[in-house]
Amino acid sequence: MSMDKSWLEEQRRVDFVIDEIGKRMDHLQQAADKNRTDIVSIRKNFWDNVTVNFDDPLEAIETAASIKQQAEVLSESERVYQHNQKQLVALEKLRRSPYFGRIDFLEKGFKKAESIYLGVASFLDEDQLEFLVYDWRAPISSIYYDYLPGPASYDTPGGTARGTLELKRQYIIRDGQIQSLFDTGVTIGDQLLQEVLGKQSDAQMKSIVATIQKEQNQIIRNERSELLIVQGSAGSGKTSAALQRVAYLLYRYRGKLLADQIVLFSPNPMFNSYISTVLPELGEENMQQTTFQEYLERRLGSAFSLEDPFTQMEFVLTAMDMPGYVARIAGIQYKASLDFLQTIEDYIAFLGKEGLLFKEILFQGEVLISAEQIRKQFYAYDTNLPISNRMALLATALIKQLKELARDEAEKAWVEDEVELLGNEAYRWAYKELRKKKQYDEGTFDDFESEKALLSERVVEKHFKPLYECVKSFQFIDAIGIYQQLFAHPEFVSEIAVGAKLPESWASICKHTMERLAQKELLYEDATPYLYLKERLEGFHTKNTIRHVFIDEAQDYSPFQFAFIKRLFPRSKMTVLGDWNQAIFAHTAENSGFKALPALFGTDRMEQILLSQSYRSTKPIVEFTRELVEGGEMIEPFQREGGKPTLLKLEMMDELEQKVVERVMGLQSSGYGTIAVICKTANESLEVYERLKSNLPVLLVDKETISFEKGIVVIPAYLAKGVEFDAVIIYNASTTQYSRESERKLLYTACTRAMHELHLFCVGQLTPLIPIEVVGTLLVEVEG
């Protein structure tokens, strides 16, 4: 059959499916309109249909039942309306582009192949018997992603179905018209990927269901692994695959798994904005999204001024000449390690026998229960019990003791003074309460002592309520003091943790930690260890309802942080995605949590997948960036041509601003919608923004930025992680900015943000992180 004839037949089928979708939408719209009318009517006439009578007990029961029935009718109508609206949204997407792929599969035992059309959602014919479009997540759809024409199989609930894939066809359909149609015998991809990847970047990440590759499909459909580790080069589609995996799991376990039982930890709030539309595009609700820092702030923010990882990063990149810099770097790395986790565990074992610190319980400036009393009570419990169990027993005992003290307090003069100042409402309340207790004869009210005692109890209860809450939340534990105690004397750790592997600068680390804690400042490297210790004393705030945890940019997490997360989500499967070549934080230099995962979780139900092909950038950009990192030869560029990255070398700093402005204007005239001027630090980004804003409509991205916007942005390299731009300008790739080996991955991360064009500017000597042989992959210009 000629391609022209095939094209006409395929367009006729597209027209037919779109027509069927239109009919379904008309039917749903009519139902939704009627539903909306019913809802308005029920709300308007709600009380007309309810019998209200609270005077008689039996009538009151009937009233409650009537209200409940009417509320249920309203709730069901609203549920149906919302369901119809959701279907209409999904169908509108299908109407514009009903499907993107077709497979003809001849199953073993059948005489004729079935044509399967794949789209972002399923769509059945009018009789609900035949699939006109299959959801890309359906079991049979996996053939499209995993096989070339020839023998193929897919898993079904009843076992494995085997047969022959006779045809694999791909479409680009826009507004109901086929724009491209081609058969492929190689992979998903090259032609369709070229079309998709050649487009400009946008303010939100897009769904990749039409271009999912075989290795990405293995990530998406993996159901067996408790821990799935994805190591992928920059631009390899790690995050996209993870989001499609969420969509697949919600589809596969519909009715058993909800979106709010899935948590995604992302690198920063702006990234959450960037990916926020992917799941809604696929008709799914977004999972919970957070950052690890946001979680720390929720748990610790009220007790400390809490440093964030980006402030720590600024220190690492800019404070090399400050006193104590080397010691702090050593502290960052040690406190991130499993060695320090073991030290904390040894300390907890010590605290089980001695050394716990408590706070006295005060009331109106007087000590009700002393810290020493609390300490003795705690250590009187069975030492074989975990500390957290003993703390729970202690809290119960303290509440009981406080209630006894409250009874004594009711006799004091200050209580009587407050009772006399109470208004009529309080006295009416006392009268009703005493009537309930039958301490008054009908129609009399003369037992003033009972009334006074009841009101005294109420006054004391009001004042003691905050004390009860403090005890219930374990505020009688001096958690800060207990953590400080670990650093108060450098030799202490060696005494309680025999064989602890302490850094040489341990004494300096202890001194610096004590100074910051004394100022109620918690450094980022201390936040996880401190919270872990606190949780081990009080009982872990585990999230048992969460079933899947996704961690993006996993190379930035320390072993200690992963150990904490593992304990936080004890019933969850975990998918972690990252790139060792983008491990830019100081604590990952020696202690990548990414590499420690097998030891933490075990290997029996763990799987690792490597994504080596980079799709984001053009081939010339990848060929340059892969030379910047060790093992870069393993990164495979996708065959998408483009211009060489450029290097413009300048003699004077004054020239830089003008040249950058000229280059940005040139990129704008080429039609690029997202252009990033990437600086090394936030301080440099602010300075550059101030220089450029009079000549360009630039936006400054900092750690407070919560949404990703199109346009020209100035951004520090470490905040650009995970995001892509049409064109990237490295503001100053000189030796004054990038000179240390520890900054190599930061430069690599910055350069790999570029999709179509990459331009490096350099004032003076070029960074030694780009060796002379690599400069040959650049188009070099020299000014001055």
Taking side-chain contact (heavy atoms from CB on, under 4.5 Å) as the criterion, tell me which of I712, V713, I675, L758 meets it with F725.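 For F725, the side-chain contact (heavy atoms from CB on, under 4.5 Å) test succeeds with only one of I712, V713, I675, L758, which is V713.
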
Any idea how Y274 and F708 line up, ring-wise: parallel (<30°), tilted (30 to 60°), or perpendicular (>60°)?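 Ring orientation, 0 to 90° scale: perpendicular.
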
Which label fits F564 and Y295: parallel for a plane angle under 30°, tilted from 30 to 60°, or perpendicular past 60°?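 It falls in the tilted class, 30° to 60°.
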
ring-ring contact (aromatic ring centres under 6.0 Å, His included) against [X], all qualifying residues, sequence neighbours excluded:
{"X": "F761", "value": "none"}
{"X": "Y731", "value": "none"}
{"X": "F601", "value": "none"}
{"X": "F560", "value": "Y532"}

For the residue pair F310 and N268, establish whether any side-chain heavy-atom pair is separated by less than 4.5 Å.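 Side-chain contact under 4.5 Å: yes.
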
Would you please name every residue forming a side chain to side chain donor-acceptor pair (under 3.5 Å) with [X], sequence neighbours left out?
{"X": "Q484", "answer": "none"}
{"X": "E360", "answer": "none"}
{"X": "Y347", "answer": "Q485"}

Keeping to residues at least two apart or across chains, list the salt bridge (Lys or Arg N to Asp or Glu O under 4.0 Å) pairs with something in [range].
{"range": "residues 494-513", "result": "K511-E515"}
{"range": "residues 744-759", "result": "E741-R744"}
{"range": "residues 300-320", "result": "E307-R328, D308-K703"}

Among all residues two or more places apart in sequence or in another chain, which pass the salt bridge (charged side-chain N to carboxylate O under 4.0 Å, His left out) test with D526?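 Listed in chain order: K335.
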
For residues 764-779, please give each side-chain donor-acceptor pair under 3.5 Å, one per line with the distance, not counting sequence neighbours.
{"from": "T767", "atom 1": "OG1", "to": "Y738", "atom 2": "O", "distance (Å)": "2.4"}
{"from": "T767", "atom 1": "OG1", "to": "L769", "atom 2": "N", "distance (Å)": "3.0"}
{"from": "T777", "atom 1": "OG1", "to": "V774", "atom 2": "O", "distance (Å)": "2.6"}

